[in-house]
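Taking it in order: structure first as structure tokens, then the write-up.
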There are 2 protein chains.
Amino acid sequence: MSLPLSEKERNPARSREAILDAGEALFAERGYEGTSLSDVGTLAGVSRGTPGYFFGSKAELYRAVLERCFSEVLEAVRAGRARALASAAEPEAILAGAVSDYFDFLAERPNFVRLIEWEALAGGTQLEEVPPHVAAAQEALSALRDELAMGPGMSQDAAHLLLSIISLCWFPLAHANTVLRALRIDPEDPAFLEQRKRHVIDLVLNGLRGRFVSAGATGENDHD
Amino acid sequence: MSLPLSEKERNPARSREAILDAGEALFAERGYEGTSLSDVGTLAGVSRGTPGYFFGSKAELYRAVLERCFSEVLEAVRAGRARALASAAEPEAILAGAVSDYFDFLAERPNFVRLIEWEALAGGTQLEEVPPHVAAAQEALSALRDELAMGPGMSQDAAHLLLSIISLCWFPLAHANTVLRALRIDPEDPAFLEQRKRHVIDLVLNGLRGRFVSAGATGENDHD
DNA sequence: ATTAACTTGCTGAACGTCAAGCAAGCCGAC
DNA sequence: GTCGGCTTGCTTGACGTTCAGCAAGTTAAT
């Protein structure tokens, strides 16, 4: 009979998790170079050397953090896709809902956004070796193609649309300290976030209707 | 009479410039923490200590790099605005041209994009103290408001539209190594860039027409 | 000769990694 | 049941490297 493991006992599983959590927080906050294993240890409540003991090296700890993060993302993509497939709503409403979900997903995961921003600057070399990353992107792309029932000729359009959705949702989160601040926008303001989400969805839907739908059936975004 | 200053003579102005150039390249490539003054000196063709001699400290060199970068940006914004004011074209065409120009501007300045990405992750604390940064954003916003002849009630819409334009142009450049690679897009491909630019302009124009313009006058983007 | 434009040597701090050490649990022998 | 040896979890000290900043030195221009 194993008791719930009091705070002070040995517990490798909990130590591992604590180190992963601390690593995620610190790598997201300060980047790979800006984070020392000593800091990770301190934040995790273990000693200087323990992160190295469990993960072998700083690089491997970093990769483990990325891996765990992207598994969560991939899961979310699959869940979203399943929900879309099961839904009886029309494509526009489904797309609007998906954009809304993605927007919220990112807004709730600043660590994820920042980790990828660091990776983008570092060249994305670590990211390539994290399988769920590519899988998540590819599955999202397939889902969008399927949902929009696009012919093979329009597959480029799906990629562009997906890229635009990601750009629009992502950028305000990544650049709260630069562009948004210069524009005197407070990214914490929930009113801004709501306006923003609506604006993004409108842009995407208008873009989707594009040149072949007249401007009659607008004005209702009945997602959420 | 001063000759064109041969390569080896002393020349503080040229050394300063060389150090600024090297600093810009290295800070953009590796970030503030990842760049050593020794590296800057080597790339600038001077010794280890010279960057410190001219700029006092690493932090001040960094700020000087940002300052020079943003002066260029501010100049470009003002030039663009002047061109728009002098143009007799209709607002849509002017907006399309401005988006196209901004798109190209960013694509030609990877250092600028990367410097700001690093700043975004560092909290933007240095950026705040670089006056041209805020000025450029504010002037771009005013220009957009003026151009679209927006009433005071729609000023939020102008900010959102500007933010969207920036997001759409910026993101593919910043995330060539992460999202684009996962989507199997080659960001170097000129065909992609052209498609992308068109897509962004279409999104923006469709978004602008929004709900009050019918889908008749589309299909021609006669900018460039 | 004096000043400005550099260069070189040095110092102290920070960091990743490795190796040694210690303590807590486990397990079979008795 | 307890004792001795072994493994595992974790800490601490040490080494080599890197770097920013300073100080002292050296060379070129005026």
Side-chain angles (χ1 to χ4, degrees), chain A residues 1-66 118 122 125-126, chain B residues 1-66 118 122 125-126:
Chain A
M1 175 78 197
S2 64
L3 289 175
L5 289 168
S6 88
E7 286 296 317
K8 300 238 164 180
E9 289 177 49
R10 291 184 162 201
N11 187 346
R14 193 185 55 192
S15 292
R16 245 188 99 92
E17 280 284 306
I19 291 167
L20 273 176
D21 290 343
E24 179 181 317
L26 290 174
F27 285 137
E29 177 64 24
R30 313 179 191 169
Y32 182 79
E33 316 243 347
T35 300
S36 77
L37 291 182
S38 173
D39 292 339
V40 174
T42 302
L43 185 58
V46 297
S47 86
R48 198 157 48 73
T50 313
Y53 171 76
F54 274 102
F55 292 90
S57 74
K58 186 180 174 180
E60 289 174 70
L61 168 60
Y62 181 66
R63 182 139 94 186
V65 166
L66 287 186
W118 286 112
T125 50
Q126 294 297 315
Chain B
M1 178 78 201
S2 64
L3 289 175
L5 290 168
S6 87
E7 286 293 319
K8 300 236 162 180
E9 289 176 48
R10 291 192 165 193
N11 186 346
R14 194 186 52 192
S15 291
R16 243 188 100 91
E17 280 284 306
I19 291 167
L20 274 176
D21 290 343
E24 179 181 316
L26 291 174
F27 285 137
E29 178 63 26
R30 314 179 191 168
Y32 183 79
E33 314 244 348
T35 300
S36 77
L37 291 183
S38 174
D39 292 339
V40 173
T42 302
L43 185 58
V46 297
S47 85
R48 231 179 59 231
T50 313
Y53 171 74
F54 275 103
F55 293 91
S57 74
K58 185 180 175 181
E60 289 174 69
L61 168 60
Y62 181 66
R63 182 141 92 185
V65 166
L66 288 186
W118 287 113
T125 51
Q126 294 298 316

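Quick note on labels: first sequence line is chain A, next is B, and so on, each numbered from 1.
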- Euclidean distance, atom CD1 of residue B/Ile19 to atom P of D/dA20 [Å, nearest integer]: 14 Å
- Would you kindly compare B/Pro12 and A/Ser38 by the position of their nearest DNA chain C nucleotide and give the one closer to the 5′ end? B/Pro12
- Message: Quick check for you: among C/dC6, D/dC19, C/dT17, whose closest atom lies nearest to any side-chain atom of B/Ser36?
- Response: D/dC19
- Point-to-point distance, once rounded to the nearest 0.5 Å, from CH2 of A/Trp118 to OH of A/Tyr32: 13.5 Å
- Whole Å only: how far is the CZ atom of B/Arg30 from the C1' atom of D/dC19? 13 Å
- Counting heavy atoms from C-beta on, name the nucleotide in D/dG21, C/dT7, C/dT17 closest to the side chain of B/Ser57. D/dG21
- To the nearest Å, give me how far apart NZ (A/Lys58) and P (D/dT17) are. 18 Å
- Item | B/Leu37, nearest nucleotide to its side chain (from D/dG21, D/dT11, C/dC6) | D/dG21
- Could you give me the CA-CA distance, side-chain angles and deciding distance for A/Ser36 and A/Asp39, then say whether side-chain hydrogen bond (donor to acceptor under 3.5 Å, both in side chains) is met? CA-CA 5 Å; A/Ser36 77; A/Asp39 292 339; 3.3 Å; yes
- Heavy-atom side-chain contact between B/Thr50 and B/Val40 under 4.5 Å: no
- Would one find a side-chain N or O of B/Ser15 under 4.0 angstrom from OP1 or OP2 of C/dC6? yes
- Message: Classify A/Ser47 by what it touches in the nucleic acid, base, sugar-phosphate, or nothing, heavy-atom distance under 4.0 Å.
- Response: base
- Note on the structure: Rounded to whole Å, CG of B/Asp39 lies from C1' of D/dC19 at a distance of 10 Å
- Query: Can a donor-acceptor pair under 3.5 Å be found between the side-chain atoms of B/Arg48 and the base atoms of C/dT8?
  - Reply: no
- Query: Across the strands shown, which category fits A/Gly49 at heavy-atom distances under 4.0 angstrom: base, sugar-phosphate, nothing?
  - Reply: base
- Over all atoms of both residues, closest heavy-atom pair of B/Phe55 and B/Ala64: CE2-CB, 3.8 Å
- Query: Rounded to the nearest 0.5 Å, how far does CG of A/Leu20 lie from CG of A/Leu61?
  - Reply: 6.5 Å
- Round to a whole Å and report the spacing from CZ of B/Arg10 to C1' of C/dT3. 11 Å
- Query: Between B/Tyr53 and C/dC6, is there a side-chain N or O to OP1/OP2 distance below 4.0 Å?
  - Reply: no
- Query: Starting at CD of A/Glu60 and ending at P of C/dC18, how long is that distance when rounded to a whole Å?
  - Reply: 10 Å
- Task: Write down the distance between CG (B/Asn11) and P (C/dA5), rounded to a whole number of angstrom.
- Result: 10 Å
- Query: How long is the line joining CG of B/Leu26 and P of D/dC19, in whole Å?
  - Reply: 12 Å
